[in-house]
Amino acid sequence: MLASPGSGVRELQEELGISEEEVRSALDTLSEPVLVIPSQEGDAGLRAISPDLGMEVLLSRQQAELAEQQRRLEVSRATAAQLIAEYADLRPQTTSPGVEQLVGLDQVRERLISLTREVTAEVMTLASGAHTQAGIDAARPLDQELLDRGLSIRTVYLDSVRNSPPTMRYVEWLTAQGAQVRTLPMLPTRMIIVDRARAVIPVNSDDTAAGAVLLSGHGTLTALCALFESLWEEAQPLGRPPVPDVDGLTPQARTALTLLAEGHTDEAIAKRLAVSPRTARRIATELIERLGARSRFQAGVRAVELGWLVRRSC
């Protein structure tokens, strides 16, 4: 159509050696993204738009599709976060379908042992924080059993785990045995998903010894698996040191900047990043100085102006 403007269905059929039905089907396909449009010159029928404009149309459509995929991902994350928040408020006396209450650390560990023996394919874990030596000693035999059976283990830790020598030794042992480990600056909660069919999350992320809930509802697991996969895609392999982005910010620093701009205190930032309050204050001070700001509020404004943060609409 570009080479022979004004060609109708019959001309195109003869030129291409295909049936009228195939020509009309192809024209329908080209009309949908507006690559062919009605001609304004009499009864000329359809005409093809210029290639440069056509490419712009196609790229715009791809960008729109990517934006829609991102929107769906954010919806999945929001749904999962809401589920986590709701289950975190559950009390031991609460019962509902697809929810099993695990009261106390002993009961949680016993249930994890039974789940380890039942798993058939994979274990996905969000481990937000350094392990105690007692926790490592309890987890190592279970991990060894899974790895000996050739099962998949994927774990996302916080970036700050690099500051815990015992945890690092344990994680290095895990990777040497075949497990996959990545890190992120911040995680929403601790969580273990077994075979995409059951998930264990603590009732209180600040006190995992208080107990947990075992979730098995299909809708809940779909949302939690989507949350894990999105975090896994963003996370960096443990052996790769955090790389500053184009603004010179490490993932941890950028996350701290976001929390700073949202008005969180140093103590709250420290808690979210699993670092000491002193480290959180140092990170915040360095960010404020880099931005040339005199206050936290001004630092947030300057970060938006420089494009370090995206302005959020209400």
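Keep in mind that what you see is a predicted model, and the values were worked out from it rather than measured.
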In Å, rounded to the nearest 0.5 Å, how long is the span from CD of E229 to CE of M124? 5.5 Å

Kindly give the heavy-atom pair with the smallest separation between L184 and L231, and that separation in Å. CD1-O, 3.5 Å

To the closest 0.5 Å, what do you measure between CG (L214) and CD1 (I201)? 10.0 Å

Between S19 and E22, do the side chains contain an N or O donor and an N or O acceptor separated by less than 3.5 Å? yes

Counting N and O atoms only, with roles assigned by atom type, does the side chain of T220 sit under 3.5 Å from a partner on the main chain of S216, one being a donor and the other an acceptor? no

Note, V119 side chain near R149 side chain (heavy atom, < 4.5 Å): yes

In sequence, state the C-alpha distance, the side-chain angles, and the governing distance for L151 and V123, and then conclude on side chain to side chain contact (heavy atoms under 4.5 Å, CB included). CA-CA 8 Å; L151 303 180; V123 177; over 6 Å; no

Quick check on the hydrophobic clustering: are L46 and L35 connected, directly or via other members, by side-chain heavy-atom contacts under 4.5 Å? yes

Quick one: are I153 and L147 in side-chain contact, heavy atoms under 4.5 Å? yes

When rounded to the nearest 0.5 angstrom, what is the spacing between OG1 in T265 and CG in L260? 10.5 Å

Check whether any side-chain heavy atom of R169 lies under 4.5 Å from a side-chain heavy atom of I136, and answer yes or no. no

Determine, for R182 against E233, whether the closest basic-nitrogen to carboxylate-oxygen distance falls under 4.0 angstrom. no

When rounded to the nearest 0.5 angstrom, what distance separates OG1 in T155 from CH2 in W232? 7.0 Å

Do E100 and R198 sit within salt-bridge range, that is, some charged N less than 4.0 Å from a carboxylate O? no

Exercise: do S114 and R117 side chains pair donor with acceptor under 3.5 Å: no

Minimal non-hydrogen separation, L2 against A48, with atom names: CD2-CB, 3.9 Å

Among all residues two or more places apart in sequence or in another chain, which pass the side chain to side chain donor-acceptor pair (under 3.5 Å) test with R254? D245, D247

Is there side-chain contact between R10 and E14, with heavy atoms separated by less than 4.5 Å? yes

For the residue pair A299 and L291, what are the closest heavy atoms and their distance? O-CD1, 3.4 Å

Do you know which two heavy atoms are closest between F228 and L126, and how far apart they sit? CD1-CD2, 3.6 Å

List the steps, then state whether side chain to side chain contact (heavy atoms under 4.5 Å, CB included) holds for M1 with L27. CA-CA 10 Å; M1 293 176 73; L27 290 174; 3.6 Å; yes

Any chance CD of E21 has more than 12 other-residue heavy atoms, nucleotides or ligands included, within less than 6.0 Å? no

Test of understanding: clusters of I, L, V, M, F, W, Y form through side-chain heavy atoms closer than 4.5 Å, transitively. Do L30 and V9 belong to the same one? yes

Show your working on side chain to side chain contact (heavy atoms under 4.5 Å, CB included) between L187 and V156 and close with a plain yes or no. CA-CA 8 Å; L187 291 171; V156 182; 3.8 Å; yes

Would you check, one step at a time, whether the test side chain to side chain contact (heavy atoms under 4.5 Å, CB included) holds for T116 with E145? CA-CA 8 Å; T116 300; E145 180 182 344; 4.3 Å; yes

Closest non-hydrogen atoms of I193 and M191, given as atom of the first, atom of the second and distance, are CD1-CE, 3.8 Å

When rounded to the nearest 0.5 angstrom, what is the spacing between CG in L12 and CD1 in I18? 8.0 Å

Note: S7 and S4 closest approach over all heavy atoms is OG-O, 2.8 Å

List the atom pairs, with distances to 0.1 Å, where a side-chain N or O of residues 274-282 and a protein N or O form a donor-acceptor pair under 3.5 Å, not counting sequence neighbours.
| unit_1 | atom_1 | unit_2 | atom_2 | d |
| --- | --- | --- | --- | --- |
| S276 | OG | T279 | N | 3.1 |
| S276 | OG | T279 | OG1 | 2.9 |
| R282 | NH1 | E286 | OE2 | 3.4 |

Using a 3.5 Å distance criterion without hydrogens, assess whether the side chain of S160 forms a donor-acceptor pair with backbone atoms of L273. yes

Please tell me if the side chains of Y157 and M168 come closer than 4.5 Å, counting only heavy atoms from C-beta onward. no

Quick one: do D137 and R140 make a salt bridge, cutoff under 4.0 Å? no

Do I113 and L115 sit in the same hydrophobic cluster, where Ile, Leu, Val, Met, Phe, Trp and Tyr count as joined when their side-chain heavy atoms come under 4.5 Å apart? no

I want to check something: taking the side chain as every heavy atom from C-beta on, are D143 and Q177 in contact at a cut-off of under 4.5 Å? no

Is it the case that atom CZ in R24 sees more than 12 heavy atoms from other parts of the structure closer than 6.0 Å? no

Counting only N and O atoms by type, is there a donor-acceptor contact under 3.5 Å from the side chain of E11 to the main-chain atoms of G8? yes

Distance (rounded to the nearest 0.5 Å) between L257 CG and Q252 CD: 12.5 Å

